[in-house]
**Student:** 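Please find one structure pasted underneath; my questions will follow.
All heavy atoms count here, side chains included; hydrogens, waters and symmetry mates do not.
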Amino acid sequence: MSNLEKIQKGMKVFQILSKIILIFACVGVALASISAALVASDVLNRENQFLHFLSVTAEMSKRQLAGTLTAAALSLLSGGIFTAFVYRYFTAELKEGTPFTNAGADRIKQLGIIEIALSVIPMWIKDVIYENIGLAEWNRFDDAGGITTGICLILLSVVVRYGAELEQKK
């Protein structure tokens, strides 16, 4: 088995995994959004005992619980959007037969930029949400991981572009 065949098998595995993650992210967004709406509209409350265990254990108000669920939905949504682009990359790469193409390098660079944007913008929105519901101390997340991943993807695109140039010389 050649190295390219090994790379293609790995790409197929990552394509399948990204599709599974995308499905879980979509389900999570739907569940968190529906739950936040039901809590905010007072359908799910302390009297019907559905989310009573969570609000009592964490000592959260209805507003705080709805805000936390909204922030979770936002996190899942941004992760799902990025995963959809990752799935699109793997699908295109498998069609091309090699990761070393200029189009592939452009898609990896785009992934890096999207990752940076999807780590910074939702973080700001979540900061506002947590601040407004009085749980700013709960928001201990930063966006350094997403920014670092984005930068690494942009650098990887340069390596892939160099590989594409070597392929064209042959």
**Student:** Is there a path of hydrophobic side-chain contacts, each under 4.5 Å between heavy atoms of I, L, V, M, F, W or Y residues, that connects L77 with L38?
**Tutor:** no

**Student:** Please evaluate residues V27 and F24 with respect to the criterion side-chain contact (heavy atoms from CB on, under 4.5 Å), reporting the C-alpha separation (whole Å), side-chain torsions for both, the decisive distance (0.1 Å), and the verdict.
**Tutor:** CA-CA 5 Å; V27 170; F24 279 123; 5.5 Å; no

**Student:** Does the side chain of Y89 reach to within under 4.5 Å of the side chain of P99, using non-hydrogen atoms?
**Tutor:** yes

**Student:** To the nearest 0.5 Å, what is the distance between CG (L118) and OG1 (T83)?
**Tutor:** 9.5 Å

**Student:** Please give me the minimum heavy-atom distance between T101 and E96, naming the atom from each residue.
**Tutor:** OG1-OE1, 3.0 Å

**Student:** Does either side chain, that of Q15 or that of T91, offer a donor lying less than 3.5 Å from an acceptor on the other one?
**Tutor:** yes

**Student:** Going only through I, L, V, M, F, W and Y residues with side-chain contacts under 4.5 Å, is there a path from F85 to I21?
**Tutor:** no

**Student:** Step by step, would you call I125 with I121 a side-chain contact (heavy atoms from CB on, under 4.5 Å)?
**Tutor:** CA-CA 7 Å; I125 297 169; I121 296 168; 4.2 Å; yes

**Student:** What's the separation between atom CG in L65 and atom CD1 in I133, rounded to the nearest 0.5 Å?
**Tutor:** 9.0 Å

**Student:** Would you say F90 and I114 are hydrophobically clustered, going by side-chain heavy atoms of ILVMFWY under 4.5 Å?
**Tutor:** yes

**Student:** Can you confirm whether N102 sits close enough to Q168 that some side-chain heavy atom of one is under 4.5 Å from a side-chain heavy atom of the other?
**Tutor:** yes

**Student:** Nearest heavy-atom pair of G67 and I129: which atoms, and what distance?
**Tutor:** O-CG2, 3.4 Å

**Student:** Report yes if the side chains of E115 and L111 come closer than 4.5 Å at any heavy-atom pair, otherwise no.
**Tutor:** no

**Student:** What's the separation between atom CE in M11 and atom CG in L94, rounded to the nearest 0.5 Å?
**Tutor:** 7.5 Å

**Student:** Can you tell me how far CG of L17 sits from CG of L22, rounded to the nearest 0.5 angstrom?
**Tutor:** 12.5 Å

**Student:** Could you pull out the closest heavy-atom pair between G80 and A25, with the gap in Å?
**Tutor:** CA-CB, 3.8 Å

**Student:** Is there a path of hydrophobic side-chain contacts, each under 4.5 Å between heavy atoms of I, L, V, M, F, W or Y residues, that connects F100 with I108?
**Tutor:** yes

**Student:** Would D106 and R161 satisfy side-chain contact (heavy atoms from CB on, under 4.5 Å), going step by step from the backbone distance to the final call?
**Tutor:** CA-CA 8 Å; D106 290 340; R161 189 169 311 281; 2.4 Å; yes

**Student:** Using atom types as modelled and distance alone, determine if a side-chain donor or acceptor of E5 lies under 3.5 Å from a backbone N or O of S2.
**Tutor:** yes

**Student:** Between R88 and E93, does any NZ, NE, NH1 or NH2 come within less than 4.0 Å of an OD or OE carboxylate oxygen?
**Tutor:** no

**Student:** Ignoring hydrogens and geometry, is there a side-chain-to-backbone donor-acceptor pair from R63 to N132 under 3.5 Å?
**Tutor:** yes

**Student:** Please determine which of I154, I147, T148, T149 meets the side chain to side chain contact (heavy atoms under 4.5 Å, CB included) test together with I151.
**Tutor:** I147

**Student:** From S119 OG over to W124 CH2, what is the distance, rounded to the nearest 0.5 angstrom?
**Tutor:** 9.5 Å

**Student:** Using the rule that Ile, Leu, Val, Met, Phe, Trp and Tyr join whenever any side-chain heavy atoms are under 4.5 Å apart, tell me whether I20 and V29 fall into a single cluster.
**Tutor:** no

**Student:** Taking S33 for the side chain and A30 for the main chain, is one N or O donor matched with an acceptor at less than 3.5 Å?
**Tutor:** no

**Student:** Take atom CD in E167; do more than 12 heavy atoms of anything else shown fall under 6.0 Å from it?
**Tutor:** yes

**Student:** If I take atom CD from residue Q64 and atom OH from residue Y130, how far apart are they, to the nearest 0.5 angstrom?
**Tutor:** 11.0 Å

